[in-house]
**Student:** 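So that we are looking at the same thing, I have put the structure below in structure tokens.
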Amino acid sequence: MLQALWKFICGFGYAFRGIWILIRSQRNAQVHCLAIAVVLFFGWLLDINTNEWLAVSLISVVVLALEAVNTAIESIVDLVSPEYHPLAGRAKDVAAGAVLIAAIGALIIAAIIVWPRLAHLIAG
Ligand SMILES: Nc1ncnc2c1ncn2[C@@H]1O[C@H](COP(=O)(O)OP(=O)(O)OP(=O)(O)O)[C@@H](O)[C@H]1O
């Protein structure tokens with residue numbers, strides 16, 4: 001029982017180490033973190049409502065989580081296929097595409113939240 005609990009706690013340690021590796025080594029993950037900080041600041045500044053906070057939080061987590069999966073896929077591909085192989089390239093491109101899809105979704109959500117306020121401001 002105690003051993004199972006210790007294994008469970010160690011699992012968290014490995015996961016936090018993974019997050020640390022992601023943020024320390026990946027420029028894109030650092031950019032995403034900065035973008036999330038900017039979004040949180042503007043969310044506070046624009047006083048967005050609960051549903052908008054939910055959308056912003058969810059898409060931010062999805063982008064960062066996909067960046068982590070993309071980084072893991074890149075590492076595995078580099079391990080098993082250090083030489084050029086079309087399938088290795090395909091795996092990396094599709095993984096990067098997943099991050100891009102989420103990032104485009106984040107931009108669309110940001111536009112949906114900001115646009116009405118901007119239009120209101122412009123209309124005076
Ligand atoms: N082993 C390989 N075989 C075929 N194509 C590859 C291979 N490694 C990389 N590529 C191609 O080069 C592109 C860039 O690969 P790279 O390893 O630099 O990934 P990256 O996404 O730029 O990584 P990072 O975010 O760490 O800079 C890939 O998306 C893929 O198209």
Side-chain angles (χ1 to χ4, degrees):
M1 174 68 188
L2 261 178
Q3 208 178 1
L5 184 69
W6 179 243
K7 228 178 142 187
F8 181 72
I9 292 167
C10 282
F12 270 103
Y14 300 141
F16 277 114
R17 189 170 67 187
I19 294 171
W20 175 240
I21 291 168
L22 174 74
I23 290 171
R24 211 188 44 188
S25 68
Q26 295 298 308
R27 173 68 55 87
N28 284 353
Q30 293 164 2
V31 171
H32 288 316
C33 286
L34 190 71
I36 289 171
V38 170
V39 163
L40 293 181
F41 174 72
F42 275 98
W44 169 76
L45 198 72
L46 295 173
D47 194 24
I48 64 178
N49 65 36
T50 306
N51 286 340
E52 290 168 336
W53 274 119
L54 281 174
V56 163
S57 309
L58 192 64
I59 196 65
S60 301
V61 169
V62 167
V63 169
L64 211 52
L66 282 179
E67 187 61 50
V69 173
N70 178 39
T71 301
I73 288 172
E74 273 176 18
S75 299
I76 294 168
V77 169
D78 288 341
L79 177 70
V80 300
S81 179
E83 305 299 327
Y84 178 88
H85 192 289
L87 281 178
R90 197 160 116 153
K92 282 193 176 186
D93 290 350
V94 173
V99 180
L100 186 60
I101 289 170
I104 291 170
L107 283 180
I108 292 171
I109 287 174
I112 289 170
I113 292 174
V114 169
W115 176 246
R117 291 169 168 86
L118 208 64
H120 186 73
L121 215 71
I122 292 167

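All values reported here derive from a predicted model rather than from experimental measurement. Counting begins at 1 with the first residue of the sequence. When a ligand or atom number is given, it counts from 1 through the structure's own listing order.
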**Student:** Taking the side chain as every heavy atom from C-beta outward, state whether Ile19 and Ile23 have any pair of such atoms under 4.5 Å apart.
**Tutor:** yes
**Student:** Could you give all pairs that pass the side-chain hydrogen bond (donor to acceptor under 3.5 Å, both in side chains) test and reach residues 18-39, with sequence neighbours left out?
**Tutor:** His32-Glu67
**Student:** Enumerate, one pair per line, all nitrogen or oxygen atoms of ligand 1 lying under 3.5 Å from a protein nitrogen or oxygen, stating the separation to 0.1 Å; write 'none' if no such pair exists.
**Tutor:**
from	atom 1	to	atom 2	distance (Å)
ligand 1	1 (N)	Ser81	O	3.1
ligand 1	1 (N)	Glu83	O	3.2
ligand 1	3 (N)	His85	N	3.0
ligand 1	3 (N)	His85	O	3.2
ligand 1	8 (N)	Lys92	NZ	3.4
ligand 1	17 (O)	Lys92	NZ	2.5
ligand 1	21 (O)	Glu74	OE2	2.8
ligand 1	23 (O)	Glu74	OE1	3.2
ligand 1	23 (O)	Glu74	OE2	3.2
ligand 1	26 (O)	Glu74	OE1	3.2
ligand 1	29 (O)	Asp93	OD1	2.5
ligand 1	31 (O)	Asp93	OD1	2.6
ligand 1	31 (O)	Asp93	OD2	3.3

**Student:** Taking only residues two or more places apart in sequence or in another chain, which ones pass side-chain contact (heavy atoms from CB on, under 4.5 Å) with Asp47?
**Tutor:** none
**Student:** More than 12 non-hydrogen atoms from neighbouring residues, nucleotides or ligands closer than 6.0 Å to CZ on Arg117, yes or no?
**Tutor:** yes
**Student:** Would you say that Asp78 contacts Lys92 through its side chain, given a criterion of any heavy-atom pair below 4.5 Å between the two side chains?
**Tutor:** yes
**Student:** I'd like to check the ring-ring contact (aromatic ring centres under 6.0 Å, His included) partners of Trp44; sequence neighbours left out, ordered by chain and number.
**Tutor:** Phe41
